[in-house]
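Please read the structure below before turning to the comments.
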Amino acid sequence: MGIRDEIIKKSIEKEIMKLIVSGAIKDPRVPTLLTITKVTLSKDKHYSHIYISLNERKQVKDLAVKGLNNAKGFIQSQLAEKLQLRFTPKIEFRLDPFEEKANRVDAILNMLAQESQQSNEETNTGDDNPNGITG
């Protein structure tokens with residue numbers, strides 16, 4: 001992908017974030033506090049996937065994606081108006097799968113750190129003077 005594709009992807013991200021933050025998308029399922037983590041663009045520039053992330057329960061995340069996909073006709077018309085490309089890509093919103101993977105890795109690392117700490121505490125609680133000799 002070339003520089004032009006990167007400019008298009010950044011422009012798509014910027015314009016969609018403006019619509020979300022300004023409240024132009026009226027669907028109550030779409031929170032104003034979400035992050036667009038990645039925008040992909042097909043080689044022919046006819047399709048785009050927008051990956052989002054937000055710090056909410058899985059159910060709220062799924063509702064947000066449904067709300068955004070429900071409003072994609074409005075969003076695409078706004079993109080067509082702002083970007084003035086030959087073809088406005090058909091967009092689809094998706095949850096960013098890397099966020100869930102990162103959360104699982106964090107949970108595993110935290111669990112390992114706790115196990116290591118418990119192991120160190122068990123080792124350090126042993127009697128420092130095993131022979132009972134006092135100085």
Side-chain angles (χ1 to χ4, degrees):
M1 297 244 167
I3 294 172
R4 177 167 164 71
D5 290 352
E6 291 301 318
I7 292 170
I8 292 171
K9 290 192 294 188
K10 285 293 179 191
S11 298
I12 289 171
E13 178 181 348
K14 182 176 128 186
E15 292 303 326
I16 292 174
M17 281 309 298
K18 281 182 188 178
L19 292 171
I20 292 169
V21 172
S22 71
I25 300 171
K26 304 291 186 207
D27 194 314
R29 298 174 290 185
V30 179
T32 56
L33 291 175
L34 63 80
T35 304
I36 295 176
T37 56
K38 184 178 178 181
V39 176
T40 63
L41 192 61
S42 65
K43 288 184 181 187
D44 63 3
K45 297 175 188 60
H46 285 237
Y47 300 95
S48 178
H49 293 138
I50 293 93
Y51 293 89
I52 65 163
S53 171
L54 59 153
N55 287 334
E56 292 290 340
R57 299 182 326 269
K58 174 86 169 120
Q59 182 181 9
V60 175
K61 291 177 184 181
D62 290 340
L63 286 174
V65 170
K66 285 180 183 176
L68 285 164
N69 280 320
N70 191 51
K72 69 183 173 185
F74 168 74
I75 295 169
Q76 282 176 209
S77 68
Q78 294 297 305
L79 288 175
E81 201 174 286
K82 301 285 185 188
L83 301 180
Q84 298 180 352
L85 298 169
R86 180 180 294 173
F87 299 105
T88 301
K90 292 187 188 309
I91 59 174
E92 182 182 335
F93 290 91
R94 297 178 175 183
L95 278 177
D96 188 348
F98 298 109
E99 176 189 10
E100 290 180 29
K101 290 177 184 176
N103 289 339
R104 283 196 302 253
V105 169
D106 283 345
I108 291 169
L109 290 174
N110 286 336
M111 184 180 69
L112 290 173
Q114 288 174 350
E115 287 176 2
S116 175
Q117 185 178 5
Q118 287 174 350
S119 175
N120 286 342
E121 287 173 359
E122 289 171 2
T123 303
N124 292 337
T125 58
D127 194 356
D128 289 340
N129 191 356
N131 295 330
I133 302 172
T134 58

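Applying the side chain to side chain contact (heavy atoms under 4.5 Å, CB included) test between Lys45 and each of Leu85, Asp5, Thr88 identifies Asp5 as the sole match.
Ion pair Glu92/Arg94 flagged as a salt bridge, since at least one NZ, NE, NH1 or NH2 atom sits closer than 4.0 Å to an Asp/Glu carboxylate oxygen. A salt bridge does not link Lys66 with Asp62: none of the charged nitrogens is closer than 4.0 Å to a carboxylate oxygen.
Within the model, atoms CD1 of Ile25 and CD of Gln78 stand 9.0 Å from one another, a figure rounded to the nearest 0.5 Å. The CD1 atom of Ile12 sits 9.0 Å away from atom OG1 of Thr40, with the distance rounded to the nearest 0.5 Å. Of the inter-residue distances, the one linking Leu19 atom CG with Lys14 atom NZ reads 12.0 Å to the nearest 0.5 angstrom. Rounding to the nearest 0.5 Å places OG of Ser11 at 11.0 Å from CD of Glu6.
Hydrophobic clustering, with ILVMFWY side chains joined whenever heavy atoms are under 4.5 angstrom apart, keeps Leu63 apart from Phe93. By the criterion of side-chain heavy atoms lying less than 4.5 angstrom apart, applied directly or through intervening Ile, Leu, Val, Met, Phe, Trp or Tyr residues, Met17 is grouped together with Leu54 in one hydrophobic cluster. If you chain together hydrophobic residues whose side chains sit under 4.5 Å apart, Leu83 and Val21 fall into the same group. Hydrophobic cluster membership differs between Val65 and Tyr51, with clusters built from Ile, Leu, Val, Met, Phe, Trp and Tyr side chains linked at under 4.5 angstrom.
When all heavy atoms of Ile91 and Gln76 are compared, the pair lying nearest together is N-OE1, 2.9 Å. Glu81 and Gln84 get closest at one heavy-atom pair: O-CG, 3.5 Å. Counting all heavy atoms, side chain and backbone alike, Thr37 lies closest to Ser53 at CG2-CB, 3.5 Å. Between Ile75 and Leu68, the shortest heavy-atom distance links the atoms CD1-O, 4.1 Å.
The local environment of CZ in Phe74 is crowded, with over 12 non-hydrogen atoms from other residues, nucleotides or ligands closer than 6.0 Å. Within a 6.0 Å radius of CG in Leu33, no more than 12 heavy atoms belonging to other residues, nucleotides or ligands are found. Crowding of Lys72 atom NZ: a count of heavy atoms from other residues, nucleotides or ligands under 6.0 Å exceeding 12.
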